[in-house]
Amino acid sequence: MQSISNADILDMLLFVEERINTTIERCGSVISVNDFLASPDKMDIFDATCMRLQTIGETVKNIDNLTFIMQTVVFRYHSHPLCKLLIEM
């Protein structure tokens with residue numbers, strides 16, 4: 001079974017936050033969707049933004065899956081001494 005720590009989840013959340021801030025910063029001059037079509041450079045920004053949003057979504061999905069696995073293990077084995085140690089971490 002894969003081991004995941006709170007620090008790993010935190011790193012993933014910080015990655016998401018960084019990507020969100022970059023997206024907001026790079027698209028700050030965009031007023032409407034048509035602004036992305038104004039030039040090839042703007043279209044490149046649009047493409048990069050789409051890829052960034054995809055990585056954000058995939059990372060959030062991974063966080064959800066990993067935390068669900070952790071919750072399932074804790075629920076199923078909550079009385080086991082090793083699980084109690086995990087909960088305290």
Side-chain angles (χ1 to χ4, degrees):
M1 179 164 71
Q2 181 180 358
S3 175
I4 191 80
S5 70
N6 289 342
D8 294 332
I9 300 292
L10 180 60
D11 286 342
M12 294 170 83
L13 289 170
L14 291 172
F15 173 82
V16 168
E17 180 184 34
E18 178 184 310
R19 294 295 180 250
I20 289 170
N21 289 335
T22 301
T23 301
I24 291 169
E25 178 185 317
R26 302 260 169 92
C27 295
S29 65
V30 175
I31 304 299
S32 77
V33 70
N34 293 326
D35 291 345
F36 284 120
L37 306 174
S39 71
D41 289 340
K42 293 283 189 173
M43 291 175 78
D44 287 342
I45 291 173
F46 176 73
D47 290 342
T49 300
C50 290
M51 293 299 290
R52 206 172 291 112
L53 291 173
Q54 183 176 0
T55 61
I56 290 168
E58 290 173 358
T59 304
V60 169
K61 181 180 175 182
N62 288 336
I63 292 169
D64 185 46
N65 290 338
L66 292 170
T67 55
F68 177 76
I69 291 168
M70 289 171 64
Q71 289 173 358
T72 303
V73 169
V74 169
F75 178 75
R76 186 173 295 162
Y77 301 105
H78 68 279
S79 61
H80 193 280
L82 289 177
C83 195
K84 290 180 181 180
L85 286 173
L86 287 173
I87 294 170
E88 293 173 3
M89 290 174 65

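One-based numbering along the sequence shown.
For the residue pair S29 and D35, the shortest heavy atom distance occurs at O-OD2, 4.0 Å. Taking all atoms of both residues into account, the shortest heavy-atom contact from T22 to R52 is CG2-NE, 3.7 Å. Taking all atoms of both residues into account, the shortest heavy-atom contact from T59 to M12 is CG2-O, 3.8 Å.
Other residues sharing a hydrophobic cluster with L14 under the 4.5 Å side-chain heavy-atom criterion for ILVMFWY residues are L10.
Within the 3.5 Å criterion, the main-chain N or O of E18 finds no donor-acceptor partner in the side chain of N21.
Placement of L53 and I20 within a single hydrophobic cluster is found when ILVMFWY residues are connected by side-chain heavy-atom separations under 4.5 Å, directly or transitively. Note on L66: it clusters hydrophobically with L13, by side-chain heavy-atom contacts below 4.5 Å among ILVMFWY residues. A single hydrophobic cluster is not seen to contain both I31 and V33; linkage of ILVMFWY side chains at heavy-atom distances under 4.5 Å, directly or through other members, places them apart.
Among pairs with a residue in residues 16-60, those fulfilling ring-ring contact (aromatic ring centres under 6.0 Å, His included) read F36-F46, at least two apart in sequence or across chains.
Test N65, V16, T55 against V60 for side-chain contact (heavy atoms from CB on, under 4.5 Å) and you get one pass: V16.
Rounding to the nearest 0.5 angstrom, the gap separating the CD1 atom in I24 from the OG1 atom in T49 is 11.0 Å. The line from CD of E17 to CD1 of I56 is 11.0 Å long, rounded to the nearest 0.5 Å. Rounding to the nearest 0.5 angstrom, the gap separating the OG atom in S32 from the CG atom in L37 is 8.5 Å.
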